Chemist: 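I'd like to ask you about the structure that follows.
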Protein chains: 2
Amino acid sequence: MLTIVSNKEHDVADSSLTSRLRLATVRLNRRLRAQRSSSSVTLTQLSALFCLYKCGPLTPGELAAKEVVQPPSMTRVIAALEELGYVSRRPHPSDGRQAIVEITEEGSAHILADISAREAWLDKRLAELSDVDRELLSRAAEIIDRMASHQD
Amino acid sequence: MLTIVSNKEHDVADSSLTSRLRLATVRLNRRLRAQRSSSSVTLTQLSALFCLYKCGPLTPGELAAKEVVQPPSMTRVIAALEELGYVSRRPHPSDGRQAIVEITEEGSAHILADISAREAWLDKRLAELSDVDRELLSRAAEIIDRMASHQD
DNA sequence: TATTGTTATACTCTATAACTATA
DNA sequence: TATAGTTATAGAGTATAACAATA
């Protein structure tokens, strides 16, 4: 087992954790993207739609911040979702520059089935694990999400 | 907290684990890709190079299998690394169709610095965690990698 | 002048299909 | 005929820079 030497604060025995977590994340992400299924939305679009489903109406800027992407990236995602009829856009009541993006009834109706189809592969992998491992991943997911949402 | 209803084998209280792990993975992956630094290699190239560094010489097919990507994807990665002088290619001794790809001295000399620069952001996030959380992520990384390497 | 959002452009990552060369 | 690898092509994902509209 290779150990990368580094001069970081935390324990040296831990020093390849960064590499291992990076590799694991990149690989799982690949597998997740490869699960296309019959769902019409892409993985990125699904994430944004799910965010609107959870949080309610948001401005494009708020949505970009929550998903930790730059505004131009979110512009494209919203445009695609709008074309599919899964989100609607209306003027902001007090600021003409902004808009309010909201999930539509059709978007709400499809999202659970879309997510379920999209996640079928991962769900199967998780079902193969022990309860202990699933509990561990549950806590890991929270920590990872917190790190990923860190404001630099 | 939203709970997605599903009819899967494992506990219903667990039912949003799939979604949470997917979201966490996608977001961390975005952050990792955004860390460009001065490193000349991309995240994908770095993964392949690291694999050659760990495993020794491999054929393109073996490398693609280890990284869980399709052969044409690996072809491009190898070509880019070869152009940078980080890997070399030589004929397979007994099979004219295959080739042996190996990390060069220059590749070996640069990889630790490249990885370190690339991972600086994640390393900082991990350093902010408690020992308990890092230990948890260490085990999670192993489980995730195992799931991601699953042969369908 | 600062902020919000969009348009234009470009690069990374990855896949499938079709092809070539060798076994 | 089967396998290893490459080329061609296309689509997803994302960013930076430049711009328009509004505050």
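Predicted, not measured: the structure shown is a model, and the values here were computed from it. Just so it is clear: chains get the letters A, B, ... in the order the sequence lines come, proteins before strands, and each one is counted from 1.
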Chemist: Find the distance Gln98(A):CD to dA21(D):P and express it as a whole number of Å.
Modeler: 17 Å
Chemist: Can you list the residues that meet the side-chain contact (heavy atoms from CB on, under 4.5 Å) rule with Arg97(A), with sequence neighbours excluded?
Modeler: Asp95(A)
Chemist: How would you summarise protein contacts on nucleotides 15-23 of chain C per nucleotide, using B for base, S for sugar-phosphate only and - for none, with heavy-atom distances below 4.0 Å?
Modeler: BBB---BBS
Chemist: Under the side-chain contact (heavy atoms from CB on, under 4.5 Å) rule, collect the residues that match up with Ser130(A), sequence neighbours excluded.
Modeler: Val132(A), Asp133(A)
Chemist: Hey, is the side chain of Thr75(B) poking within less than 4.0 Å of OP1 or OP2 on dT7(D), counting only N and O atoms?
Modeler: no
Chemist: Holding to salt bridge (Lys or Arg N to Asp or Glu O under 4.0 Å), I want the full list of residues that pass it with Arg31(A), two or more places apart in sequence or in another chain.
Modeler: Asp152(B)
Chemist: Could you give the CG-to-C1' distance, from Leu81(B) to dT12(C), as a whole number of Å?
Modeler: 14 Å
Chemist: Quick one: Leu28(B) CG to dT14(D) P, roughly how many Å, whole number?
Modeler: 13 Å
Chemist: Report yes if a side-chain nitrogen or oxygen of Thr59(B) is closer than 4.0 Å to either non-bridging phosphate oxygen (OP1 or OP2) of dA4(D); otherwise report no.
Modeler: no
Chemist: Heavy atoms under 4.0 Å, any strand shown: does Ala79(B) hit a base, just sugar-phosphate, or nothing?
Modeler: nothing
Chemist: Determine: side-chain N/O of Arg33(B) to OP1/OP2 of dC13(C), distance under 4.0 Å, yes or no.
Modeler: yes
Chemist: Got a list of side-chain donor-acceptor pairs under 3.5 Å for residues 75-91 of chain B, not counting sequence neighbours?
Modeler:
from: Thr75(B); atom 1: OG1; to: Pro71(B); atom 2: O; distance (Å): 3.2
from: Glu82(B); atom 1: OE1; to: Arg89(B); atom 2: NE; distance (Å): 3.3
from: Glu82(B); atom 1: OE1; to: Arg89(B); atom 2: NH2; distance (Å): 2.8
from: Tyr86(B); atom 1: OH; to: Ser40(B); atom 2: OG; distance (Å): 3.4
from: Arg90(B); atom 1: NH1; to: Glu102(B); atom 2: OE1; distance (Å): 2.6

Chemist: What is the distance from CG of Leu32(B) to P of dG13(D), rounded to the nearest Å?
Modeler: 17 Å
Chemist: One thing to verify: whether Glu142(A) and Arg139(A) come together as a salt bridge, which I'm taking to mean a side-chain N less than 4.0 angstrom from a carboxylate O.
Modeler: no
Chemist: Taking atom P of dT12(C) as reference, at what distance in whole Å does atom CG of Leu43(A) sit?
Modeler: 21 Å
Chemist: List for me each residue that meets side-chain contact (heavy atoms from CB on, under 4.5 Å) alongside Ser149(A), sequence neighbours excluded, and say none if there are none.
Modeler: Asp145(A)
Chemist: Within this structure, what is the CG-to-C1' distance between Leu63(B) and dA4(D), rounded to whole angstrom?
Modeler: 14 Å
Chemist: Determine to 10° how strongly the helix from dT1(C)-dA23(D) to dA23(C)-dT1(D) is bent, judged from the axes of its five-pair ends.
Modeler: 10°
Chemist: Grab the CG-C1' distance between Asn29(B) and dC13(C) for me, whole Å please.
Modeler: 10 Å
Chemist: Think Thr44(B) has a side-chain N or O under 4.0 angstrom from the OP1 or OP2 of dT14(C)?
Modeler: yes
Chemist: Under 4.0 Å between a side-chain N or O of Arg89(B) and OP1 or OP2 of dA4(D)?
Modeler: no
Chemist: Nearest 0.5 angstrom please: Asp131(B) CG to Arg134(B) CZ, how far?
Modeler: 5.0 Å
Chemist: Which donor-acceptor pairs under 3.5 Å do the side chains of residues 59-68 of chain A make with protein atoms, sequence neighbours left out?
Modeler:
from: Thr59(A); atom 1: OG1; to: Glu62(A); atom 2: N; distance (Å): 3.1
from: Glu62(A); atom 1: OE1; to: Thr59(A); atom 2: N; distance (Å): 2.9
from: Glu67(A); atom 1: OE1; to: Arg30(B); atom 2: NH1; distance (Å): 3.4
from: Glu67(A); atom 1: OE2; to: Arg27(B); atom 2: NH2; distance (Å): 2.9

Chemist: Write down the distance between CD (Gln45(B)) and C1' (dC11(C)), rounded to a whole number of angstrom.
Modeler: 12 Å
Chemist: ring-ring contact (aromatic ring centres under 6.0 Å, His included): which pairs involve residues 126-152 of chain B, sequence neighbours left out?
Modeler: none
